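The next block holds one structure in the form of structure tokens; read it before the comments.
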Amino acid sequence: MLKGKHLIDPMDFTTGEFEEIFKLADQIIAKPEEFAHCCDGKLLSTLFYEPSTRTRFSFEAAMLRLGGQVIGFSEPNSSSAAKGESIADTIRTIACYADIAVMRHPKEGAPKVASQYSEIPVINAGDGGHQHPTQTLTDLLTIRAAKGELENHTIGLCGDLKFGRTVHSLIKAMSRYKNNKFVLISPNELRVPQYIKEEILEKNNIEYVEVERMEEVIGSLDILYMTRVQRERFFNEEDYIRLKDSYILDGEKMKNAKKDMIVMHPLPRVNEIAYDVDGDERAYYFKQAKYGMYVRMALIAKLLGVK
Amino acid sequence: MVTINSIKKGIVIDHIKAGLGIKIYNYLKLDEANFTVALIMNAESSKVGRKDMIKIDNVIDVDFTVLGIIDPNITINIIENEVIQEKVKLKLPNKVKNVVKCRNPRCVTSIENSIDHSFYLTDDEKGIYRCEYCDEIGNNSLLTNA
């Protein structure tokens with residue numbers, strides 16, 4: 001039963017609860033018209049303390065497509081935060097008006113604070129570099145839709161694996177399903193943090209390898225999850241020049257990939273996926289954005305208890 | 001070689017990771033003590049290489065939980081009549097409030113004044129505690145004014 005729950009960390013929900021959301025998302029994708037009024041009269045509040053057009057639009061589109069309405073702010077200067085109001089007080093007030101709240105905040109743990117004081121469900125839409133659970137739900141729904149299951153995959157994660165919260169959450173989430181393996185492709189400086197390897201991968205006996213070049217491993221992957229590598233993250237110019245092309249996926253590299261491998265990316269992309277990949281049927285990143293909206297529709301409906 | 005006499009009745013906090021002794025000394029406010037206290041730093045240890053050690057020549061009320069958070073390998077001996085009467089085994093609680101302060105400047109605890117600094121145990125063996133809000137490790141950030 002997900003009614004009334006908060007979603008702050010992707011691990012707040014069991015795999016069973018994830019499945020409940022994914023099954024509803026399947027139904028919404030199949031017959032969206034049947035869900036067009038299930039949130040009639042309900043109000044979603046979007047509390048965005050830092051700008052994020054993509055995530056905010058995804059939530060707003062999700063609520064509007066369920067028949068609900070949206071109130072909120074998209075930057076703190078236009079909110080009570082500018083007057084110095086605490087998160088605790090803001091959410092207690094918002095809970096008087098809205099039925100469910102979505103919060104993005106630059107401070108890590110801010111949505112958790114909100115959930116502790118809130119009488120309505122709170123969804124974390126990104127708290128600094130910490131968690132972004134609806135991105136994880138999006139990623140899982142995309143994999144499930146493309147591959148039919150969340151088990152038995154070799155998942156390549158490529159790019160900045162040190163600072164990328166999306167990647168960390170995905171590793172945690174996919175580690176809960178059987179027989180998944182990870183291929184971690186990054187420059188040495190931007191490897192997955194030690195605690196993720198120790199506390200998640202090694203603790204659960206999950207197979208993983210770390211490599212520097214995508215070319216070496218692309219043929220073994222079922223899923224390739226791309227992220228951006230910023231030039232300034234490299235420790236020296238020499239390494240950047242030596243490795244930069246290895247983190248750019250293009251049509252040439254795709255020739256060596258499996259026929260049913262899917263390419264994912266949380267977006268926005270800069271140059272890490274060349275435009276010549278977009279036409280490839282294995283390119284899933286825009287579909288992924290659409291699954292993101294559907295999974296948010298399912299999540300909102302479940303937390304409100306309307307489905 | 002520094003010689004420090006054995007104590008008659010009191011507490012010996014032993015096997016403290018070298019460098020952390022002063023933190024415990026400060027936390028227990030031993031600088032304000034009116035009884036004999038010895039803080040021994042960088043002593044040789046066959047078990048851990050270098051260690052710190054605190055000898056307190058008095059029976060004081062010590063929150064052993066806190067010591068475990070600083071370093072779970074610490075051993076505590078209760079002394080009576082110059083012999084060890086009891087060895088206290090540190091048991092780590094699953095959650096601690098307002099003992100450790102989150103030092104992560106990006107953490108919500110840095111702006112939201114009304115909330116507790118709350119940490120949860122993530123690794124039993126290593127005794128690692130993480131902030132409830134941002135997951136930053138907090139073992140070395142004892143809130144001395146708590």
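As the structure is a computational prediction, the values presented were derived from the model and not from experiment. Just so we're on the same page: letters track the sequence lines, and every chain starts at 1.
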- Message: Taking the cut-offs as 6.0 angstrom to the six-membered ring centre and 45 degrees off its axis, would you call A:Arg104 and A:Phe59 a cation-pi pair?
- Response: no
Query raised in the report: Salt bridge or not for A:Glu198 and B:Lys126, using N-O below 4.0 Å?
Result: yes
If one checks every heavy atom of B:Glu132 against chain A at 4.5 Å, the contacting part turns out to be both
Report task. Test A:Tyr208 against A:Lys197 for side-chain contact (heavy atoms from CB on, under 4.5 Å), laying out the working first. Result -> CA-CA 9 Å; A:Tyr208 73 95; A:Lys197 286 186 253 179; 3.5 Å; yes
Under 4.5 Å to a heavy atom of chain A? For B:Thr122 that would be both
With sequence neighbours left out, the residues meeting ring pair (Phe, Tyr, Trp, His ring centres under 6.0 Å) with A:Tyr49 are A:Phe73, A:His105
Contacts of B:Asp135 meeting side chain to side chain contact (heavy atoms under 4.5 Å, CB included) (sequence neighbours excluded), chain-then-number -> A:His130, A:Gln131, B:Tyr120, B:Arg130
### Query
Does a donor on one side chain sit under 3.5 Å from an acceptor on the other, for B:Tyr133 and A:Gln116?
yes
Sorted by chain and residue number, the side chain to side chain contact (heavy atoms under 4.5 Å, CB included) partners of A:Lys3 (sequence neighbours excluded) come out as A:Met1
If one checks every heavy atom of B:Asn113 against chain A at 4.5 Å, the contacting part turns out to be neither
By residue number, those in residues 10-18 of chain B with heavy atoms under 4.5 Å from heavy atoms of chain A are none
